Asker: 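Below you'll find the structure I mean.
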Amino acid sequence: MGAQRALLVTRRLTDAVQARAQRDYDAVLNDADRVFTSEELVERCQDVDAVLPCHSERFTAEVIAALPDRLKVIANHSVGVDHVDLDAAREKGIIVTNTPDVLSDATAEIAILCMLGAARRGAEGNRMIREGKWDFWSPAFMVGRQVTGKRFGILGMGRVGQVTAERARGFGMEVHYHNRRRLPPEAERGAVYHERFEDLLRNSDVLSLHCPASTATRNAINAETLALLPEGAILVNTARGDLVDEDALIAALQSGRLFAAGLDVFRTEPGGNPALAALENVFLLPHIGSATQETRDAMGFRALDNLDAVFAGREPRDRVA
Ligand code: 8YV
């Protein structure tokens with residue numbers, strides 16, 4: 001069955017994943033590994049039964065309307081699906097899947113790296129040595145914030161949020177969270193639930209974002225919400241750039257209202273935000289939360305498992321539309 005199906009793979013995946021895609025499908029790979037324009041995406045989807053995209057390909061209502069009837073599945077290589085108009089896909093009868101669970105550990109690691117990089121002035125120290133400007137040392141030099149015993153606030157206590165909470169507990173932090181629904185005690189593991197987002201903000205020495213980007217969460221971090229954080233708090237974002245009003249964040253970082261931020265995601269990707277990059281108290285990474293060999297393999301295999309299920313007439317494990 002699989003061998004006859006045509007599959008468009010939009011970005012370069014790990015060798016093992018590409019090999020399996022080529023073994024089981026008539027796979028069209030994007031060896032140039034650049035993001036297709038919407039027109040190119042539509043054009044390349046014309047002769048395939050399925051597409052395996054990343055979060056970088058935007059399946060808007062217009063793109064979905066222009067997809068051919070033979071295209072049955074959008075099997076995302078991502079847990080986030082904010083780049084796909086799910087209602088439009090449902091309407092057109094296209095199945096959409098994602099890759100939950102397998103990237104939670106890797107993303108939690110990056111969240112902790114962002115927190116520590118921000119708290120301990122990682123960007124500033126790194127730059128100082130690289131630029132040959134480390135010409136002084138004293139016990140009062142480069143003093144940062146210790147996270148031990150501090151409150152680790154989580155917005156969005158889903159899979160990634162829960163693993164990150166566990167890692168934060170390893171640093172002796174007290175976990176607080178806000179979520180649409182309160183978790184059962186075995187998942188909460190002593191974390192303090194705040195029904196109101198505002199109350200989470202008031203109780204977060206570090207605030208880490210782990211919710212999806214949606215119309216409800218876009219710009220959740222803005223001038224008003226930043227003002228509710230304790231003086232000298234740290235913001236960590238490994239979820240989506242859309243959650244943050246970057247101008248408001250820059251103002252809070254410049255004024256010292258926030259001690260620092262650790263960011264793996266930006267409103268503009270690739271590229272980031274040059275105004276944020278100019279600040280010493282921002283630790284930056286280029287959207288690499290899930291970028292480990294193990295996790296990238298697992299994500300690709302999970303996407304292919306979902307595709308295989310659809311073409312075998314089974315319900316895919318990770319169907320989101
Ligand atoms: C990936 C992500 O970098 O899964 C997501 O939602 O943002 C990241 O894990 C990317 O989508 C990989 O394809």
Side-chain angles (χ1 to χ4, degrees), residues 7-18 20-21 27 29-36 41 50-60 73-86 89 96-114 154-164 208-214 217-218 220 236-244 262-272 284-307 316-321:
L7 168 67
L8 173 68
V9 177
T10 62
R11 309 302 305 277
R12 190 190 297 275
L13 306 178
T14 61
D15 291 347
V17 174
Q18 294 204 159
R20 179 173 146 185
L29 304 180
N30 176 3
D31 288 323
D33 199 24
R34 63 172 180 80
V35 183
F36 296 137
L41 186 58
V51 56
L52 197 161
C54 295
H55 74 285
S56 42
E57 280 72 53
R58 298 189 60 75
F59 285 86
T60 59
V73 202
I74 299 174
N76 290 294
H77 184 280
S78 66
V79 66
V81 288
D82 50 302
H83 58 289
V84 181
D85 188 322
L86 298 180
V96 183
T97 61
N98 70 343
T99 59
D101 303 315
V102 290
L103 46 67
S104 303
D105 287 340
T107 309
E109 287 178 7
I110 284 287
I112 296 297
L113 175 61
C114 285
I154 297 182
L155 175 62
M157 195 64 144
R159 303 172 189 88
V160 179
Q162 288 177 46
V163 178
T164 310
S208 193
L209 310 180
H210 297 285
C211 59
S214 68
T217 59
R218 195 151 294 135
V236 171
N237 190 7
T238 56
R240 281 293 182 269
D242 272 0
L243 302 175
V244 177
L263 308 172
D264 183 46
V265 290
F266 303 87
R267 293 198 90 106
T268 303
E269 294 183 8
L284 305 146
L285 292 172
H287 199 150
I288 54 167
S290 61
T292 66
Q293 188 70 48
E294 298 89 328
T295 293
R296 291 285 199 234
D297 280 348
M299 290 170 77
F301 293 148
R302 187 88 171 223
L304 288 171
D305 288 348
N306 285 321
L307 271 183
R317 181 172 172 187
D318 308 308
R319 184 169 182 170
V320 292

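None of the values given here were measured: they were computed from a predicted structure. Order of appearance sets the numbers: ligands from 1, and atoms from 1 within every ligand.
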Asker: Between L113 and D264, is a side chain to side chain contact (heavy atoms under 4.5 Å, CB included) present by the stated rule, with each step listed?
Answerer: CA-CA 10 Å; L113 175 61; D264 183 46; over 6 Å; no
Asker: Pair R12, N30 - check side chain to side chain contact (heavy atoms under 4.5 Å, CB included), show working.
Answerer: CA-CA 6 Å; R12 190 190 297 275; N30 176 3; over 6 Å; no
Asker: Is it true that atom CZ of R58 has more than 12 heavy atoms of other residues, nucleotides or ligands lying nearer than 6.0 Å?
Answerer: no
Asker: When rounded to the nearest 0.5 angstrom, what is the spacing between CG in L29 and OG1 in T10?
Answerer: 10.5 Å
Asker: The test is side chain to side chain contact (heavy atoms under 4.5 Å, CB included); show your working for T99 and N76 and say whether it passes.
Answerer: CA-CA 7 Å; T99 59; N76 290 294; over 6 Å; no
Asker: What do we get for L103 next to ligand 1 when only non-hydrogen atoms under 4.0 Å count, side chain, backbone, both or neither?
Answerer: side chain
Asker: Please check whether G80 reaches ligand 1 - meaning an N/O of the residue sits under 3.5 Å from an N/O of the ligand, judged on distance alone.
Answerer: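 Yes, G80 has an N/O under 3.5 Å of an N/O on ligand 1.
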Asker: Quick test of your reading of the structure: of R296, E269, R240, M299, whose heavy atom lies closest to atom 6 (O) of ligand 1?
Answerer: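 Among R296, E269, R240, M299, the closest heavy atom to atom 6 (O) of ligand 1 comes from R240.
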Asker: Parallel, tilted or perpendicular, judged at 30° and 60°: which one describes the rings of H55 and H287?
Answerer: tilted
Asker: One pair to check against side chain to side chain contact (heavy atoms under 4.5 Å, CB included): T238 and H210. What are the steps and the verdict?
Answerer: CA-CA 7 Å; T238 56; H210 297 285; 3.5 Å; yes
Asker: Identify the closest protein heavy atom to atom 4 (O) of ligand 1: which residue and atom is it, and at what distance?
Answerer: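 Nearest neighbour among protein heavy atoms for atom 4 (O) of ligand 1, to 0.1 Å: V79 N, 2.8 Å.
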Asker: For atom 1 (C) of ligand 1, what's the nearest protein heavy atom and its distance?
Answerer: S290 OG, 3.4 Å
Asker: Who's the nearest protein heavy-atom neighbour of atom 13 (O) of ligand 1, and how far?
Answerer: H77 O, 2.5 Å
Asker: Could you check atom 2 (C) of ligand 1 against the protein and tell me its nearest heavy-atom contact, residue, atom and distance included?
Answerer: H287 NE2, 3.6 Å
Asker: Give the atom numbers and elements of ligand 1 that come within less than 4.0 Å of a heavy atom of S78.
Answerer: 4 (O), 5 (C), 6 (O), 11 (O)
Asker: At under 4.0 Å between heavy atoms, which part of R11 makes contact with ligand 1: side chain, backbone, both or neither?
Answerer: neither
Asker: Before giving the answer on salt bridge (charged side-chain N to carboxylate O under 4.0 Å, His left out), spell out for R317 and D305 the whole-Å C-alpha distance, their side-chain angles and the decisive distance to 0.1 Å.
Answerer: CA-CA 8 Å; R317 181 172 172 187; D305 288 348; 5.5 Å; no
Asker: For atom 11 (O) of ligand 1, what's the nearest protein heavy-atom neighbour? Residue, atom name and distance, please.
Answerer: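 Nearest neighbour among protein heavy atoms for atom 11 (O) of ligand 1, to 0.1 Å: H55 ND1, 2.8 Å.
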Asker: State the atoms of ligand 1, each with its element, that fall below the 4.0 Å cut-off from a heavy-atom position in C54.
Answerer: 13 (O)
Asker: Which is it for H83 and ligand 1 at heavy atoms under 4.0 Å: side chain, backbone, both or neither?
Answerer: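 Answer for H83: neither.
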